[in-house]
Structures are given as structure tokens and as C-alpha cells.
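Report on the following structure.
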Number of protein chains: 2
Amino acid sequence: MASNAVMEETLQVLKDHKLRVTPQRHIILAYLVSHHNHPTVETIRDALSKELPNIGSSTIYNTLNTFVDHHLVVELQNGDGSTHYDYFGSPHYHAICTNCGRIVDVTYPGFSDTEKSLEEKTAEISGYMISGNHMEVYGLCPECQIKLGIKND
Amino acid sequence: MASNAVMEETLQVLKDHKLRVTPQRHIILAYLVSHHNHPTVETIRDALSKELPNIGSSTIYNTLNTFVDHHLVVELQNGDGSTHYDYFGSPHYHAICTNCGRIVDVTYPGFSDTEKSLEEKTAEISGYMISGNHMEVYGLCPECQIKLGIKND
DNA sequence: TTATTACATTGGAATGGTTCTCACTTACTA
DNA sequence: TAGTAAGTGAGAACCATTCCAATGTAATAA
Ligand SMILES: [Mn+2]
Ligand SMILES: [Mn+2]
Ligand SMILES: [Zn+2]
Ligand SMILES: [Zn+2]
């Protein structure tokens with residue numbers, strides 16, 4: 001379960017965004033902030049079964065959609081048919097395994113500049129008024145490389 | 001309908017990928033090569049209703065999934081609930097309107113270098129064996145900027 | 001050409017993630 | 001503390017996509 005510090009932090013995040021503070025929202029956001037596992041709705045429901053035994057999946061969907069609208073959370077697809085969610089506290093992008101679906105965070109010094117440059121060029125070329133971007137890189141995760149006999153050891 | 005040149009080109013593409021040449025595959029691929037409208041399955045079905053009046057949507061899904069497996073086609077989501085498909089003949093990325101869903105192609109000199117650099121850095125950091133990437137930029141298209149009163153004229 | 005056969009196509013049923021509905025509850029405001 | 005707009009939860013509904021089994025056909029070799 002989420003630490004006291006996380007509970008305080010997430011409470012403040014909800015207030016800053018003028019979102020009504022319900023136990024469900026608070027607990028879900030705290031879970032996302034303290035886990036980087038890119039969970040599905042089902043994963044979240046299972047993980048919170050102690051704290052919120054009676055939560056409906058509608059509520060989880062509603063909550064996550066609200067967070068997405070407020071740009072607190074991003075949605076990810078890894079090809080398994082369901083949507084994965086990720087608290088977007090600091091800029092990063094994702095490497096997604098085409099074999100097992102594993103999603104890992106990636107960033108590097110200068111990544112924000114790459115992003116900014118991409119957005120500026122895009123605005124110039126397309127005339128769009130840019131509000132965000134997503135980058136994803138696909139490939140085989142280390143475990144799957146071994147499993148498939150592509151990499152030894 | 002697709003030109004003779006496109007029909008010849010797509011025939012060769014199918015053969016190069018050792019795909020069995022059926023009228024359905026040939027016509028769908030020719031449609032994708034000669035249109036950059038990022039269609040859904042329904043859009044494709046409607047557009048080809050003259051040439052393939054009895055095609056089943058299963059066939060369109062099967063065909064597109066096969067093309068995706070062969071990296072001829074990429075899938076895109078624009079938030080409207082259905083998957084959009086795009087023949088990926090030359091490297092580009094997409095600007096997607098968050099208001100109306102419009103998807104436009106974007107590229108610029110040096111884009112391939114940006115891509116390559118992103119993939120190399122990702123491989124180094126994550127240990128993934130990289131096979132591809134997707135970049136998307138979100139914002140308001142010029143038409144929606146006007147419609148929403150953000151841009152005049 | 002013709003026969004063989006593995007693969008593709010169809011259309012209808014099944015699937016399953018997500019949204020919708022509505023009665024009930026609750027968080028905020030004054 | 002009361003009033004009210006907003007959130008919750010259970011289940012139904014939705015609908016894009018996949019699955020299935022019967023039928024059709026493209027590729028290959030004799
Ligand atoms: Mn992440
Ligand atoms: Mn495109
Ligand atoms: Zn993997
Ligand atoms: Zn638009």
C-alpha cells in the first residue's frame with residue numbers, strides 16, 4: 001500500500017486539479033504514483049481488493065479517464081487487447097516487448113529537447129496547435145531474447 | 001480506383017513478401033498505397049464496395065493483420081474507438097487532432113536520423129532488441145482551431 | 001492441364017474490454 | 001448542517017474484433 005508521503009502528495013495533486021477527493025480516486029492515484037507497472041483496469045482492481053473490496057470497474061474506468069483528461073495519466077496499448085495506464089510524473093517514453101507485452105520506462109539526458117524539437121517541427125509543418133506527444137519503441141525484451149534463443153545466457 | 005502502376009507495384013510487394021495473391025489482398029493493398037486517409041475497416045469496406053461487393057469484414061481484418069505482421073502497414077488509434085490503418089511506404093509519423101480525430105502525415109529532412117538515434121539510445125538503455133517505433137504528436141488541427149475560435153480566419 | 005493441398009474467404013456467432021444507465025451515496029459550499 | 005452537483009456501483013448494453021466451420025481458390029508439381 002502507498003506510503004504516507006504518497007498519500008499526501010496525491011491528495012495535493014487532486015486538489016490542484018480541482019478534482020473532488022473521493023477515497024477511490026485518492027487510492028487509485030496513490031497506487032499509480034507508487035507503481036510503475038503500467039497496469040490494466042483488472043490489475044488495479046486486484047491490487048486494491050483489500051482497500052476497495054467493492055469498487056466497480058466502471059469507477060476505475062471513470063477515474064482513469066478523468067486522470068487522462070487532466071493529463072495526469074497516459075494510456076498505453078501493448079497488443080494484449082486491453083489498455084494500460086501510467087502515471088506521468090516525469091517525462092519518459094516506453095519500450096514495449098512485441099513478444100510478451102512488457103512495458104518499461106525509458107529516458108535519457110536531452111530527451112526533453114528531442115521532444116520539444118519534434119513538437120516544434122510538427123507545429124511548423126502541419127499547422128497543428130500541439131498539446132502533447134507519445135513515443136514508443138518496439139522490440140524484444142532481454143528475457144524474451146533469451147527465451148527465443150536469440151541471446152545466450 | 002488504383003492505377004495500373006499501383007496494381008503492378010502492389011502485386012510485386014505481395015510476391016516479395018511471399019504472400020498468396022488473392023484479389024482481396026491485392027485490391028486492399030492497392031487502396032492503401034494510393035490513399036493516405038488512414039482508413040478504418042469500415043472505410044475500406046465502403047470504398048471497395050464496387051470492386052469487392054461481397055467481402056467480409058473478417059477478410060479485411062485478416063488481410064490487414066497479415067500486412068501489419070509483414071510491416072507493410074501500421075495501426076493507429078485516434079480515440080474514436082476503432083483502429084486506423086496506414087500503408088507505411090516511406091518513413092513518417094502522425095499528427096492527430098484531439099478534437100476531430102484527423103490524422104495527417106508528417107516528416108522532415110533528418111527525421112530518419114532522429115528515429116535511428118531514438119532506437120539506438122533505447123536499445124542501450126533498456127537492453128531491448130529494437131524492431132521499430134511509433135511517434136505521434138497530438139494537438140488541434142487548423143480547421144478545429146478555427147471551429148473552436150482559437151484561431152481567426 | 002489437371003490434381004492436390006494448404007491456405008484464404010465468408011458470414012454468422014462469440015468474445016470481451018469499455019461505456020451506459022440509474023438508483024443511491026457522498027464531497028463540497030455556504 | 002442542509003442543499004446540491006457530482007461520484008459510485010451493479011448490471012445491461014455496446015460494438016470492434018476474433019473465432020469458427022464450411023466453402024472456395026492460388027500455388028505447385030505431375
Ligand atoms: Mn511509464
Ligand atoms: Mn500516415
Ligand atoms: Zn518480452
Ligand atoms: Zn480537428
Side-chain angles (χ1 to χ4, degrees), chain A residues 7 10-31 38-46 48-70 72-86 101, chain B residues 7 10-31 38-46 48-49 51-70 72-85 101:
Chain A
M7 292 307 282
T10 49
L11 179 61
Q12 197 52 50
V13 171
L14 291 174
K15 285 180 177 170
D16 290 348
H17 284 262
K18 309 235 185 293
L19 290 170
R20 212 182 261 212
V21 178
T22 68
Q24 292 84 349
R25 285 177 173 178
H26 195 176
I27 290 171
I28 291 172
L29 187 57
Y31 175 81
H38 310 94
T40 63
V41 165
E42 264 315 291
T43 306
I44 294 171
R45 205 227 259 266
D46 293 348
L48 301 181
S49 61
K50 293 274 163 50
E51 291 161 277
L52 296 169
N54 298 316
I55 194 169
S57 13
S58 325
T59 300
I60 305 182
Y61 279 108
N62 286 339
T63 301
L64 292 169
N65 287 339
T66 301
F67 291 166
V68 169
D69 292 344
H70 285 256
L72 288 171
V73 161
V74 296
E75 298 181 327
L76 300 169
Q77 314 287 337
N78 70 348
D80 73 353
S82 56
T83 304
H84 295 247
Y85 296 86
D86 188 26
Chain B
M7 291 308 282
T10 49
L11 180 60
Q12 197 52 50
V13 171
L14 290 175
K15 285 180 178 169
D16 289 348
H17 285 262
K18 307 235 186 293
L19 291 170
R20 206 180 265 209
V21 179
T22 68
Q24 292 86 346
R25 287 176 172 180
H26 196 175
I27 290 170
I28 291 172
L29 186 57
Y31 175 80
H38 309 93
T40 63
V41 165
E42 263 315 291
T43 306
I44 294 171
R45 206 230 257 269
D46 293 347
L48 301 182
S49 61
E51 291 161 277
L52 296 169
N54 298 317
I55 194 169
S57 9
S58 320
T59 301
I60 305 181
Y61 279 107
N62 287 338
T63 301
L64 292 169
N65 287 340
T66 301
F67 292 166
V68 169
D69 291 344
H70 285 256
L72 288 171
V73 161
V74 296
E75 297 181 328
L76 299 169
Q77 314 287 336
N78 71 347
D80 73 354
S82 55
T83 304
H84 295 248
Y85 296 87

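Since this is a predicted model, take the numbers as computed values, not measurements. We name chains A, B, ... by the order of the sequence lines, and we start the count at 1 in each one.
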*Boundaries of the DNA chain C segment in contact with chain B, non-hydrogen, under 4.0 Å*: C:dA6 to C:dG12
_Rounded to the nearest 0.5 Å, what separates atom NE2 in A:His70 from atom CG in A:Leu19?_
4.0 Å
*Provide the closest heavy-atom pair for A:Val41 versus A:Ser57 in the form atom of the first, atom of the second, distance.*
CG1-CB, 4.3 Å
*Nearest whole angstrom, please: distance from the C1' of D:dT17 to the CD1 of B:Ile44.*
14 Å
_Does either side chain, that of A:Thr43 or that of A:Thr40, offer a donor lying less than 3.5 Å from an acceptor on the other one?_
yes
*asked:* Between the base of D:dG11 and the side chain of A:Ser58, is one N or O donor paired with an acceptor at under 3.5 angstrom?
replied: yes
_Residue whose closest nucleotide on DNA chain D lies nearer the 5' end, A:Thr63 versus B:Asp80_ = A:Thr63
*Rounding to a whole Å, what distance do you find between B:Arg45:CZ and D:dT17:C1'?*
13 Å
*Going through the checks in order, is the side-chain contact (heavy atoms from CB on, under 4.5 Å) test met by B:Glu75 and B:Asn65?*
CA-CA 9 Å; B:Glu75 297 181 328; B:Asn65 287 340; 3.8 Å; yes
*asked:* From CG of B:Asp69 over to P of D:dT18, roughly how many Å is that when rounded to an integer?
replied: 11 Å
*Between B:His26 and B:Met7, is there a donor-acceptor pair closer than 3.5 Å when you use the side chain of the first and the backbone of the second?*
yes
_What is the distance, to the nearest angstrom, from the NE2 atom on B:His26 to the P atom on D:dA27?_
11 Å
*Is B:Tyr61 near enough to D:dT18 that one of its side-chain N or O atoms lies under 4.0 angstrom from OP1 or OP2?*
no
*Please report, rounded to the nearest Å, how far the P atom of D:dA26 is from the CD1 atom of B:Ile27.*
12 Å
*Specify the closest pair of heavy atoms between A:Phe67 and A:Arg25, including all atoms of both residues, with the distance to one decimal.*
CZ-O, 3.7 Å
*Round to a whole Å and report the spacing from CD1 of B:Ile55 to P of D:dT17.*
15 Å
*Please confirm whether the backbone N or O of A:His38 pairs with a side-chain atom of A:His84, one donor and one acceptor, at under 3.5 Å?*
yes
*Roughly, in whole Å, what's the span from NE2 in A:His70 to C1' in D:dG7?*
13 Å
*asked:* Testing the basics here: between B:Leu52 and B:Gln24, what is the closest heavy-atom pair and its distance to 0.1 Å?
replied: CD1-CA, 4.1 Å
_Value in whole Å for how far the C1' atom of D:dG9 lies from CG of A:Leu48_ = 16 Å
_Gap separating the CD1 atom of A:Ile60 from the CD1 atom of A:Ile55, nearest 0.5 angstrom_ = 4.5 Å
*Give, ordered by number, those residues of residues 15-24 of chain A having at least one heavy-atom distance below 4.0 Å to an atom of DNA chain C; if nothing qualifies, reply none.*
A:Arg20, A:Val21, A:Pro23
*Any side-chain N or O of B:Thr83 less than 4.0 Å from the OP1 or OP2 oxygen of D:dT17?*
yes
